[in-house]
Amino acid sequence: MGDGKKVRVRFAPSPTGYFHIGGARTALFNWLYARHCQGTFILRIEDTDRSRSTDESLHTLLDGLRWLGLDWDEGPEAGGASGPYLQSERGDIYGQYLERLNESGRSYERDGAIWFRVSGRPVTIQDVVHGPVVRLEEKDFVIVRSDGSPSFHFANVVDDLAMEISHVIRGEDHLSNASKHVELFQAFGAIPPQFAHIPLILKTSGPGKMSKRETGALVDEYRARHYLPEALRNYLCLLGWSPKNDLEIMAIDDIIDRFDLAGINRSNARFDEKKLSHMNGTYLRRLSKKNFFLLAHPILAEKFGPAALADGAYVAKVLEICQEKVRSLEELPAFCAHFFQKNPELDAALWEKFFRESAACLEEFLSAIEMAKDFTADDLEDLLHHLAAAGGRTARDYIHPIRFACSGQLVGPSFYAMLATLGAGRVRDRLRRFLDRCRQ
RNA sequence: GUCCCGUUCGUCUAGUCCGGCCCAGGACACCGGAUUUUCAUUCCGGCAACAGGGGUUCGAAUCCCCUACGGGACGCCA
């Protein structure tokens, strides 16, 4: 805001691959800054390399941005006064700007392409995160390819000028290119925008920056794995920026309030999926019961079919006791499968072990609940404690085998709540089935 | 090779601008304990860093220089 000029920022991806984490973070920082300053966030598609641009990746990009909650004020599908927003449709504009360069003698033709003549003087890149960076651009470079299409450097600068971009926020891999861009702005007699070259995201381990090729690098992967977009977004905010008050889990409005370009770090950051995962879990547990249900239901329906979910009250109860324990929505189906299957799969080796060690406990428990009239978590806890005391055992001796016999698992929701939710019928059936199998 | 940027716990970071409050704080991960029920939840505790060397200063993570290491750019890719 500082200079009173209207803040206009842009995210300018090229739709040549999928939407990756680095791009998402760049989009996010632009969006945050625009919202912080009540400026304009523009989406511009740099598809000048037609051979590498596809419709599919454009849609992946738009969907990914929407999924992360990054809405754009101008751009594809939104329109705006500075359009069109696809570079492939801006040929006339590039032609006009090229003419200006021709007139001032800054361009020339060679090998069928049009080149820009550099000034031969160092230029200063005014960068908000790095401070002024002085760099000499030594070689002339192509601005229009021999096939007539504008090069990245040329189209990028022309568009930033035509769209009146006030701040260029992009990855640090462009810092060296910025001297070309400043030369171009100056050749047009324009004052370059403020730059903010943000640190790169490095791969989780090993050398180099994160590339689209490796697993965990694409926004779509997290979406497919049912990560919460708010969690991913929150995590990405903290990669290269911090609110400086030790807070990490923050509402997006609070982040917008505090976000500032000057607070962006200068060093590259390594992507830590474990921390993201932890953050996702925190968001999941903070969801209201209702929202958790809304998110989880379609995932379960896809896995178990709508028929298994016919009893809505039962599903709601299951989800309620799972929410506090499950790590992610991705793991939810496996975590709660036994609630929706007729007979959960029992691992043979474990069955053998529990049969050998705990058949007596299971028999005892089964006969105790055969006559039990109430089947709440509290009742079951009392019942089990009495049983254990009477038999000279501990509750633990019963819990493991019962959980296994009833769910086929060794971990799961809180034990008594699980039995109560399953209900007396299912619990008795499964215990009988387990014991019957022992007699064969 | 040339040029540009960077360097605080294993990782993300606070502190660096305006040197003392920092024998360096938070989070993830990891390890241990508690929740007289498992656990992947929750709570408590622990481990762990100023890249190295010179300077400036009464005093440096903070300022200056050098070295090392890391990253990036040098395309008719973006």
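The chains referred to below are lettered A, B, ... by the order of the sequence lines, with proteins before strands, and numbering in each begins at 1.
For A/H400, counting side-chain heavy atoms from C-beta on, the closest listed nucleotide (B/rC12, B/rU38, B/rG6) is B/rU38.
Partners of A/E77 according to the side-chain hydrogen bond (donor to acceptor under 3.5 Å, both in side chains) rule, which considers only residues two or more places apart in sequence or in another chain, are A/R66. Residues passing the ring-ring contact (aromatic ring centres under 6.0 Å, His included) test with A/F188 are A/Y97, sequence neighbours excluded. Partners of A/K203 under the salt bridge (charged side-chain N to carboxylate O under 4.0 Å, His left out) rule, at least two apart in sequence or in another chain, do not exist in this structure. Residues forming a side-chain hydrogen bond (donor to acceptor under 3.5 Å, both in side chains) with A/E352 (at least two apart in sequence, or on another chain): none.
A/K244 comes within contact range of the sugar-phosphate backbone alone, with a heavy-atom separation under 4.0 Å but no base atom that close. Here A/P13 lies out of heavy-atom contact (under 4.0 Å) with every strand. Contacts of A/S149 with the nucleic acid, taken as non-hydrogen atoms under 4.0 Å apart, are absent.
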Seminar exercise, completed: For nucleotides 65-71 of chain B, 5' to 3', base contacts (B), sugar-phosphate-only contacts (S) and non-contacts (-) with protein non-hydrogen atoms under 4.0 Å give ------S
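Taking the centre of each ring, A/H181 and A/H153 come in below the 6.0 Å mark. Ring to ring, A/F304 and A/F340 are close: their centroids are under 6.0 angstrom apart.
For the segment residues 383-399 of chain A, residues with any heavy atom less than 4.0 angstrom from an atom of RNA chain B are, sorted by number, A/R396, A/I399. Near-neighbour residues of RNA chain B inside residues 111-128 of chain A, defined by a heavy atom below 4.0 Å, number-ordered: A/D111, A/A113, A/W115. Of the residues in residues 131-138 of chain A, those placing a heavy atom less than 4.0 Å from an atom of RNA chain B are A/V133, A/V134, A/R135, in numerical order.
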Atom pairs under 3.5 Å, N or O on each side, protein against nucleotides 24-28 of chain B: can you list them with distances?
residue : atom : partner : partner atom : Å
B/rG25  : N2   : A/D246  : OD1          : 3.3
B/rG26  : O4'  : A/D246  : OD2          : 3.4
B/rG26  : N2   : A/E248  : OE2          : 3.2
B/rA27  : O2'  : A/E248  : OE1          : 2.5
B/rA27  : O2'  : A/K275  : NZ           : 3.2
B/rA27  : N3   : A/K275  : NZ           : 3.0
B/rC28  : OP1  : A/H278  : NE2          : 3.2
B/rC28  : O2'  : A/K275  : N            : 3.3

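Nucleotides B/rG15 and B/rC74 place their C1' atoms 36 Å apart, quoted to the nearest Å. B/rC23 and B/rG6 have their C1' atoms separated by 28 Å, with the value rounded to a whole Å. Taking the P atoms as reference points, B/rU57 lies 34 Å from B/rG10, given to the whole Å. Nucleotides B/rG72 and B/rC63 are separated by 26 Å at their P atoms, to the nearest Å.
A salt bridge (Lys or Arg N to Asp or Glu O under 4.0 Å) check over residues 255-273 of chain A, counting only residues at least two apart or in different chains, returns the pairs A/R225-A/E273. Sorted by first and then second residue, the pairs that involve residues 160-188 of chain A and meet salt bridge (Lys or Arg N to Asp or Glu O under 4.0 Å), not counting sequence neighbours, are A/R10-A/D160, A/R44-A/D160, A/R106-A/E183, A/E137-A/K180, A/D173-A/K209. Sorted by first and then second residue, the salt bridge (Lys or Arg N to Asp or Glu O under 4.0 Å) pairs involving residues 275-293 of chain A (not counting sequence neighbours) are A/E248-A/K275, A/K289-A/E320.
Residue side chain A/R285 does not reach the base of B/rU41 through any donor-acceptor N/O pair under 3.5 Å, judged by distance alone.
Within the structure, a side-chain polar atom (N or O) of A/S242 is placed less than 4.0 Å from OP1 or OP2 of B/rA14.
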